[in-house]
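Below, read A as the first sequence line, B as the second, and so on, with proteins coming before strands; counting in each chain starts at 1. Just so you know, these numbers come straight off a predicted model, no measurement behind them.
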Amino acid sequence: MRKDRTEMSEDDDRSPPLDLRGADIAESSSKTRNCSGVTGPVAGPGPSSMEFQAPYPDQVLENVLENVLQFLSTRRDRNAASLVCKSWCRVEALTRSELFIGNCYSVSPRRATARFARVQAVAIKGRPRFADFNLMPLDWGAHFAPWVNAMAAAYPWLEKVYLKRMSVSDDDLTLLAESFPSFKELVLVCCDGFGTSGLAVIASKCRHLRVLDLIESEVSDDDVDWIACFPESETSCLESLIFDCVECPINFEALERLVVRSPSLKKLRLNRVVSIGQLYRLMVRAPQLTHIGTGSFRAPESVAQGDPEPDYTAAFAACKSLVCLSGFREILADYLPVIHPVCANLTSLNFSYANVDAEQLKSVILHCHKLQTFWVLDSICDEGLQAVAATCKDLHELRVFPIDAREDSEGPVSEVGLQAISEGCRKLQSILYFCQHMTNAAVIAMSNNCPDLEVFRLCIMGRHRPDHVTGAPMDEGFGAIVRNCKKLTRLAISGLLTDRAFSYIGKYGKLVRTLSVAFAGDSDMGLKYVLEGCPRLQKLEIRDSPFGDSALLSGLHHYYNMRFLWMSSCRLSPQGCQEIARALPRLVVEVFGGENGELHGDETVDILYMYRSLEGPREDAPGFVTILQ
Amino acid sequence: MSPPLLGVGEEEGQSNVALLASSASADSLCRNSSELKERNYMGLSDCSSVDSSVVSTESDESKRSTLNLKATELRLGLPGSQSPGRDPELCLLSSTQLDEKPLFPLHPLNDGHYSSSQKTVGSGSKRGFSDAMDGFSEVKITALLKGIGYCLLLDLVLITTLSLVQGKYRANSEVCAMLSPRPSSNFGLKTGSVLENLGTQSPNAKEVAPPKIVQDRPRAANEPRPSHNGAANGNSSAPATKAQVVGWPPIRSYRKNSLASSKNTDEIDGKAAPGALFVKVSMDGAPYLRKVDLKNYSAYKDLSSALEKMFSCFTIGQYGSHGTLGKEMLSESKLKDLLHGSEYVLTYEDKDGDWMLVGDVPWEMFTDTCKRLRIMKSADAIGLAPRAMEKCRNRN
């Protein structure tokens, strides 16, 4: 049991998994405690629940403990508390209302529901991140079905589900909608497998639904009018509705009616099917919105000529609480001035689908002094970034995406833009920057100017590109980042990199939790530096780097502490992977590829994906996965 | 399957195809009947993949007109680089060697064109989809097609006669009208067989690879590591393949997709957008949606074989429960049975929101108008008509 506990205590993410406001957390925790007594359908055979039911000598003490622990909200603190002693573990389990599973295969639903009996909110993650980039074969797994089945029995009071990179079927959604009468929040990030018919069930059956957020998920079009499935008769308690990733047409009239009867609606992100004229109609009816994702930011061609257009500017001006704007698909820059009235209040602006140039951006950014989060396309060029740097002194997070995501694209932003940002936005905590040309000097400048950086992800899109001024590897730049940014937890490196860069990371990156490596390093030493030097490393993803068995084996001491290791197109042999599997029986070592799932001694391993698990090899592995034992 | 009968059928089919080809082209270009004849031969001997690759070297202007000329690539609304009218002949004539040469001696260049286009197709596809060209048993196709060959031919003969009688160059609407009431069994068969057929027409067909369950498998492993001095600035003979690695740069295809389509609308009146052209693909009964980059393919047959690979897993899934595969691989034959035996039709939604059968217009036009794809149960697809040519004419 002790072992279970330590392994189950998830690695400590800094932020809570769900988008929860502080008040909510406290509220839900206390509710948990009072709601159920011990009569819940706890299937767990574990000794903890049994003992709790029996009269217990330390009952008083435990009651006290419960009252204390309910104030522990972050899972890191809770994990620590659960390790104190058996009694604390028991009480912590009974008071935990939010369950976070960082890898759906690390623990079985049965075990999780047995230990934590009164969970109200669940967050589960499935596939590793590289799956986003087609590096993972389809149908690898990460099905939500076993989880929702277990929870339907164990947590009938469940209110919130957050899933990331999971396969969710329409049947799962149906079961979810039917099993949890007080269900309130569903957030699906990068999920797939379901369609509008599943959404229709959620909409029609979850009468208390507050949040339905579909973020970068693939939703198939089942020709179902899901928006119209929200019950028409009653006032909706919807607070957030995000469906910008749903690419099929929607019933706008139904949406309009839904907005009208949802007085608490604060967040609304539309898909590209919704035109700016329709957005206007929604905004006029819901001026209380704080977050708006516009659909297509242009008038449909059919009405473009002739008809007088509504006063969009006034509609935006009327949204006094608006702080977050996104969308802007298919933007026609002529319409940009209509958002000027709200710019001064914006803390978050997402232009990452808006193809605007520097001049167009300037007209907007000029007014955005409060901006903290800004996503943008590189179509704004270095010049646009300079304008951002000059205006947005509060900027915490910047993401610059490429409009042309190819290795040999032009790359309109460079070290010039990065340097400007570092000089202008000193409070920067997180940056994602795609470019073609970079210099060590600019990266070093950023490391000096932005000491608060926690996330530094620089993607030089051309593989193995050196500092384009000096021709030197990018080692010193990334070295400076790990050296000077003391809070750094996440790092993605690119460009021409030698083992030296890795030695810096191992030496200074003591807080690094997530590291992404692509086309980097020259020998096994590179990976060794990292595995031996980064004690907090949780997630390590590596592709196309010359790391072999000995590098892999150098991390034996650390793999039980990590959530996962991904290595694709490196130089691993089946024997090397086998050795890991033998040495660490609690590790699930998955190897993809090979003929008919058989590995041959002389081949290199195409993909290695390994993670700790309490359950041993999973049973739903597809044919191309070999789990080494 | 007696030779004399075959011979007749073949001739009939051939002339008939020519007529159909001419009927569309005639509208846009020449109304001169003497010239018609010559064009017909061109139309006959070129297959669509050749069309698109050859034509693409010409200016946009001329491309458009040429394409219209060849517009009847489609005929029976089947996705394919060859007219269905020819398919049965092909297979009946030679079941192992799928080569057009014997059929079209009038155009000696044809063969060369075809194979060269194949090459570019191979190197031009950047993602994992097409890199493992699955061969499909030719024997099987033959078997399938044998059954319908006569039917098709009869069909065509009928159409030919009718159009001759009418003495007018009616476009496809007419043809569709005649075709659409056809019984569904026949319809489904045709489509399935063409899908299969497409897989085989590649010159690679002889290297019949075992079907890989791993789709979209990263190929990066096989890429030689570029030298340290700016590999991306380097050299590559084929620009399309240049520096393409699966999953790099690390941008979600969802994002690429969104940008690609927005770019597309931006440049709707200008030249075609470079870069990707993603469309979604759904399949009846499949739990997932997929996306394909149409720019990755240069002909219907490439697309078809890619889709087969992508979606064969779903048809497998129908056997297992909840889509979870057993550890044991399903046998190759089972897979094929599913895909082809279950009678799916590839359809697409065009810019106007109409659902059409894939293959009804030349490839280039198809990529211009296709908004998304759906692999339908063919029973549901009855009534979908390849009306695109009519539309296209209206536009002009």
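- Although no hydrogens or angles enter the test, the distance criterion places a donor-acceptor pair under 3.5 Å between the side chain of A/D499 and the main chain of A/S523.
- In this structure, B/R255 forms no cation-pi arrangement with A/W375, as its terminal cationic atom is not both closer than 6.0 Å to the ring centre and no more than 45° off the ring axis.
- Take A/F144 and apply the ring pair (Phe, Tyr, Trp, His ring centres under 6.0 Å) test, not counting sequence neighbours, and it matches no residue.
- Proximity to chain B is limited to the backbone of A/I460, based on heavy atoms less than 4.5 angstrom apart.
- The part of A/F434 that comes within reach of chain B is its side chain, from C-beta onward, which places non-hydrogen atoms under 4.5 angstrom from that chain.
- With a 4.5 angstrom heavy-atom cutoff, A/C570 does not touch chain B via any of its atoms.
- Electrostatic pairing of B/R372 and A/D221 counts as a salt bridge here, judged by a charged N lying under 4.0 Å from a carboxylate O.
- Formation of a donor-acceptor pair under 3.5 Å by the B/R252 side chain with backbone atoms of A/E216 is found in this model.
- Only the side chain of A/S494 has a heavy atom closer than 4.5 Å to any heavy atom of chain B.
- For A/P402, the parts sitting under 4.5 Å from any heavy atom of chain B are the backbone and the side chain alike.
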